[in-house]
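Right, one structure below, let's go through it.
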Amino acid sequence: MTGLIEVTRDSGVALIRLNRPKQLNALNSALAREMIAAVQDLDATPEVGCLVITGDDRAFAAGADIAEMADKTAEAMQAQDFFGEWEGFARSRKPKIAAVNGYALGGGCELMMMCDFAIAGEGARFGQPEVKLGVMAGIGGTQRMTRLIGRARAMDMHLTGRMMDAAEALQAGLVARVVPDGQVLQQAMEAARLIASYSRPAVRLIREAIGQAEEVSLDEGLLFERRVFHGLFGSPDQMEGMAAFLEKRAPVFRGA
Ligand code: HXC
């Protein structure tokens with residue numbers, strides 16, 4: 001099956017829209033395969049500097065597809081490594097912004113957290129309601145949410161299954177910005193165009209350095225940051241960026 005996502009390109013930005021509106025963009029295996037293939041393809045496309053992931057007005061995504069999972073056994077889930085492929089999305093190397101309207105629940109909230117940051121509409125709702133189905137998060141919800149918003153809030157969300165509104169999500173640090181519902185995609189695209197206009201090596205290393213903050217000790221992270229910072233010097237984009245500032249003109253980055 002195809003068409004479960006729609007990919008469009010706008011200069012340096014690729015927009016990926018989930019396209020299962022009748023199921024509130026619930027994530028099934030076929031959609032996961034399409035998404036991962038698209039993201040890998042975009043990773044290998046030099047013109048693309050940033051990705052925006054979105055749903056529709058009603059839902060970013062209301063979770064993994066419950067109908068697909070309902071009859072599975074543990075053995076079948078493990079044999080298939082069900083949804084293990086989503087790690088390919090999380091590990092992909094281009095910056096990803098989640099543009100969230102409506103529900104971001106379960107796997108939908110987890111997909112949002114796999115992105116670098118989220119811009120949400122005032123009416124967006126977030127939650128990890130898997131506990132109500134007799135299961136739990138399976139594509140990073142217990143791990144990424146705990147890192148993003150802390151243990152107490154993550155426990156609250158996962159154990160009660162309640163929804164958080166956009167104001168609370170902003171305050172908790174689950175999303176980076178909350179904007180009027182009608183402006184979510186526009187603001188995400190603007191941010192993506194800005195990121196795509198910057199030096200690709202600088203953007204890549206900033207992502208990797210911030211990624212280290214979740215993995216290693218402070219000392220190791222600081223050393224990593226300092227070394228990659230040093231490593232950018234002498235590159236065409238560093239020379240251009242600093243020369244442009246001193247010459248009071250806009251830089252023209254080559255991506256090298
Ligand atoms: C399959 C879903 C779905 C889902 C909604 N639908 N969420 N189908 N999987 N996760 C379908 C409904 O069955 C319905 O289909 C249609 O979308 C519209 O949904 P309604 O429930 O009629 O809409 P509404 O009353 O507005 O309620 C919206 C809602 C509710 C609050 C978001 O749909 C809901 O609670 N959805 C489930 C949320 C959830 O539990 N997510 C976690 C899933 S588990 P029909 O055919 O009736 O029109 C998960 C595990 C992640 O994500 C781990 C991965 C391994």
Side-chain angles (χ1 to χ4, degrees), residues 12-14 16 35-36 38-53 83-99 109-119 137-154 169-177 188 191-246 251-256:
V13 176
I16 302 183
M35 176 72 96
I36 279 70
V39 167
Q40 284 170 351
D41 187 45
L42 294 166
D43 253 5
T45 307
E47 301 78 45
V48 172
C50 191
L51 278 54
V52 173
I53 318 295
F83 271 17
E85 61 266 50
W86 280 108
E87 278 309 301
F89 177 93
R91 275 197 302 271
S92 64
R93 300 184 69 211
K94 299 272 165 85
K96 291 173 282 300
I97 303 175
C109 190
E110 294 173 291
L111 172 60
M112 178 189 87
M113 292 188 286
M114 282 185 233
C115 296
D116 294 274
F117 64 93
I119 297 179
I139 49 173
T142 61
Q143 304 305 300
R144 292 196 178 93
M145 185 176 280
T146 306
R147 283 165 166 79
L148 276 172
I149 69 175
R151 180 179 186 276
R153 286 187 173 112
L170 181 66
Q171 194 268 335
L174 187 61
V175 302
R177 303 185 203 172
R193 278 192 285 271
L194 196 58
I195 293 167
S197 76
Y198 294 140
S199 163
R200 297 285 157 78
V203 166
R204 193 159 52 235
L205 293 178
I206 289 167
R207 290 189 75 246
E208 289 183 11
I210 291 179
Q212 289 292 300
E214 296 175 333
E215 304 286 343
V216 303
S217 71
L218 181 59
D219 272 355
E220 290 169 296
L222 290 171
L223 181 60
F224 180 89
E225 180 195 74
R226 204 158 61 247
R227 291 295 178 243
V228 293
F229 165 67
H230 294 158
L232 286 168
F233 281 78
S235 68
D237 282 352
Q238 174 265 327
M239 292 190 286
E240 166 63 9
M242 293 194 177
F245 176 83
L246 295 173
V252 182
F253 292 119
R254 284 171 34 192

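Along the sequence shown, residues are numbered consecutively beginning with 1.
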Residue pair Gly234 / Met239: nearest heavy atoms and the distance that separates them: O-CE, 3.4 Å

Heavy-atom closest contact (Ala99 atom, Ala188 atom, distance): CB-CB, 3.7 Å

From Met114, Met112, Arg207, residue fulfilling side-chain contact (heavy atoms from CB on, under 4.5 Å) relative to Lys96: Arg207

Flag side-chain contact, heavy atom, 4.5 Å: Glu214 against Gln143: no

Closest non-hydrogen atom pair, Pro201 against Ser199: CD-OG, 3.2 Å

Contact check, side chains of Val52 and Ile119, non-hydrogen atoms, under 4.5 Å: no

Residues forming a side chain to side chain donor-acceptor pair (under 3.5 Å) with Arg93, sequence neighbours excluded: Glu208

Side-chain heavy-atom pair Arg226, Leu223 within 4.5 angstrom cut-off: yes

Side-chain ion pair, Lys94 and Glu47, N-O less than 4.0 Å: no

Spatial distance of atom CG (Leu111) from atom CD1 (Ile53) [nearest 0.5 Å]: 7.0 Å

Rounded distance (nearest 0.5 Å) linking atom CD of Glu220 with atom CG of Leu218: 10.0 Å

Sub-4.5 Å side-chain heavy-atom contact between Met145 and Met113: yes

Main-chain N/O of Gly221 paired with Glu225 side-chain donor or acceptor, under 3.5 Å: no

pair Phe253-Pro236: side-chain heavy atoms closer than 4.5 Å: no

Intermediate values then yes/no, side-chain hydrogen bond (donor to acceptor under 3.5 Å, both in side chains), Ser235 and Gln238: CA-CA 5 Å; Ser235 68; Gln238 174 265 327; 5.0 Å; no

Validation row: Asp116, Ile195 side chains within 4.5 angstrom (heavy atoms): no

4.5 Å side-chain heavy-atom contact, Leu174 and Arg153: no

Gap separating the CZ atom of Phe224 from the CG atom of Leu205, nearest 0.5 angstrom: 7.0 Å

Nearest-0.5 Å distance, CE of residue Met242 to CZ of residue Phe233: 4.0 Å

Heavy-atom donor-acceptor pair, Glu240 side chain to Val252 backbone, under 3.5 Å: yes

Pairwise side-chain contact, Asp237 with Arg200, heavy-atom cut-off 4.5 Å (strictly under): no

Approximate separation, where rounding is to 0.5 Å, of Glu110 CD and Cys115 SG: 12.5 Å

Minimum heavy-atom distance Gly241-Pro251, with the two atoms named: CA-CB, 4.2 Å

Point-to-point distance, once rounded to the nearest 0.5 Å, from CG of Asp43 to CZ of Arg91: 11.5 Å

